[in-house]
Amino acid sequence: QVQLVESGGGSVQAGGSLRLSCRDSGYTYKTHCMGWFRQAPGKEREGVAAIDNDGRTAYADSVKGRFTISKDHAKNTLYLQMNSLKAEDTAVYYCAGDSFARVVAGIVPHSYEFGYWGVGTQVTVSS
């Protein structure tokens, strides 16, 4: 069974940086594509970034140029480097994975395409 465990959340001032990590249980054939999603209070869950095992990446417009997604296959760990953080980046961030989701045309796959989810980690940015 795939298990995704996030870490690295916390509180930071606007303009600061955080790096989120998500370790998966190693069943990489089941997590061909992995992504980061976030959900702020009262809002729907939105896709932030995604990467597949072919190296294709995708980002939401709101984070392009500020966030970078990467994966260390040797460590079975997904990362999200978040720079120039803004108050509107405040949310619970979730790691997700799936064997069938694909990054196409630079678009983050929808959340329903992911079958495996972590429990989330809180990111709070104060202005």
Side-chain angles (χ1 to χ4, degrees):
Q1 177 148 354
V2 175
Q3 285 188 315
L4 303 177
V5 180
E6 303 101 335
S7 61
S11 297
V12 66
Q13 296 251 339
S17 299
L18 283 173
R19 188 177 79 158
L20 305 183
S21 299
C22 172
R23 180 170 172 79
D24 76 39
S25 55
Y27 293 94
T28 56
Y29 67 95
K30 290 189 175 182
T31 54
H32 172 84
C33 182
M34 296 192 74
W36 289 98
F37 290 77
R38 65 187 181 187
Q39 187 165 18
K43 294 189 176 181
E44 292 187 359
R45 189 170 297 190
E46 64 171 342
V48 175
I51 186 169
D52 66 24
N53 281 352
D54 295 323
R56 288 184 290 258
T57 59
Y59 295 92
D61 288 343
S62 59
V63 306
K64 281 180 181 176
R66 301 189 296 123
F67 291 10
T68 303
I69 190 170
S70 61
K71 187 173 182 182
D72 186 329
H73 292 277
K75 296 182 178 179
N76 294 325
T77 301
L78 178 74
Y79 300 100
L80 184 69
Q81 178 65 44
M82 305 185 295
N83 298 328
S84 302
L85 283 161
K86 304 176 181 179
E88 51 262 44
D89 295 318
T90 295
V92 177
Y93 283 70
Y94 298 90
C95 170
D98 199 85
S99 59
F100 295 108
R102 292 292 186 271
V103 173
V104 178
I107 297 173
V108 179
H110 198 279
S111 59
Y112 60 68
E113 297 187 51
F114 291 89
Y116 305 105
W117 290 86
V119 298
T121 184
Q122 177 70 46
V123 171
T124 302
V125 184
S126 57
S127 56

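These numbers were taken from a predicted model, which means no experiment stands behind them. Along the sequence shown, residues carry numbers from 1.
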### Message
Return the SG to CD1 distance between C22 and I69, rounded to the nearest 0.5 Å.
### Response
9.5 Å
### Task
Enter the distance from S7:OG to R19:CZ here, rounded to the nearest 0.5 Å.
8.5 Å
### Query
Any side-chain heavy-atom pair from L20 and M82 closer than 4.5 angstrom?
yes
### Task
Answer yes or no: is there a side-chain heavy-atom contact under 4.5 Å between L80 and T68?
no
### Query
Is there a donor-acceptor pair closer than 3.5 Å between any side-chain N or O of S17 and the backbone N or O of N83?
no
### Query
With a 4.0 Å cut-off, would you call D89 and R66 a salt bridge?
yes
### Message
Within the structure provided, determine whether L78 and D24 are in side-chain contact (heavy-atom separation under 4.5 Å).
### Response
no
### Task
Would you confirm whether R23, through its side chain, and K75, through its main-chain N or O, come within 3.5 Å as a donor-acceptor pair?
yes
### Message
Regarding T77 and D72, do their side chains bring together a donor and an acceptor under 3.5 Å, going by distance alone?
### Response
no
### Message
Whether K64 and D61 form a salt bridge (side-chain N of Lys/Arg under 4.0 Å from carboxylate O of Asp/Glu) is what I want to check.
### Response
yes
### Task
Check whether Y116 and F37 end up in the same hydrophobic cluster, where Ile, Leu, Val, Met, Phe, Trp and Tyr are linked by side-chain heavy atoms less than 4.5 Å apart.
no
### Query
Does any non-hydrogen side-chain atom of C33 lie less than 4.5 Å from one of P109?
yes
### Query
Between S25 and Q3, is there a donor-acceptor pair closer than 3.5 Å when you use the side chain of the first and the backbone of the second?
yes
### Task
Report the distance from atom CG of L18 to atom OG1 of T121, rounding to the nearest 0.5 Å.
9.0 Å
### Summary
Output for pair (W36 CH2, F67 CZ), nearest 0.5 Å, gives 11.0 Å
### Task
Any pair with a residue in residues 75-104 that passes ring pair (Phe, Tyr, Trp, His ring centres under 6.0 Å), sequence neighbours left out, goes on the list, sorted by first then second residue, please.
none
### Query
With sequence neighbours excluded, what pairs up with E46 under the salt bridge (Lys or Arg N to Asp or Glu O under 4.0 Å) test?
R38
### Query
If you look at every heavy atom in K43 and Q39, which pair is closest and at what distance?
O-NE2, 3.1 Å
### Summary
For S111 and W117, the nearest pair of non-hydrogen atoms, with its separation, is O-CZ2, 3.4 Å
### D98 and E113: CA distance, side-chain angles, deciding distance, side chain to side chain contact (heavy atoms under 4.5 Å, CB included) verdict
CA-CA 7 Å; D98 199 85; E113 297 187 51; over 6 Å; no
### Query
Atom OG in S127, atom CG in L85: separation rounded to 0.5 Å?
12.5 Å
#### Entry: Those residues that, when tested against D52, pass salt bridge (Lys or Arg N to Asp or Glu O under 4.0 Å) (two or more places apart)
R56
### Query
Is F114 reachable from V92 through a run of hydrophobic residues whose side-chain heavy atoms are each under 4.5 Å from the next?
yes
### Query
Can you tell if the side chain of K86 reaches within under 4.5 Å of the side chain of V125, non-hydrogen atoms only?
no
### Message
Looking at C95, is its backbone amide N or carbonyl O close enough to the side chain of E6 to form a donor-acceptor pair, meaning the two atoms are under 3.5 Å apart?
### Response
yes
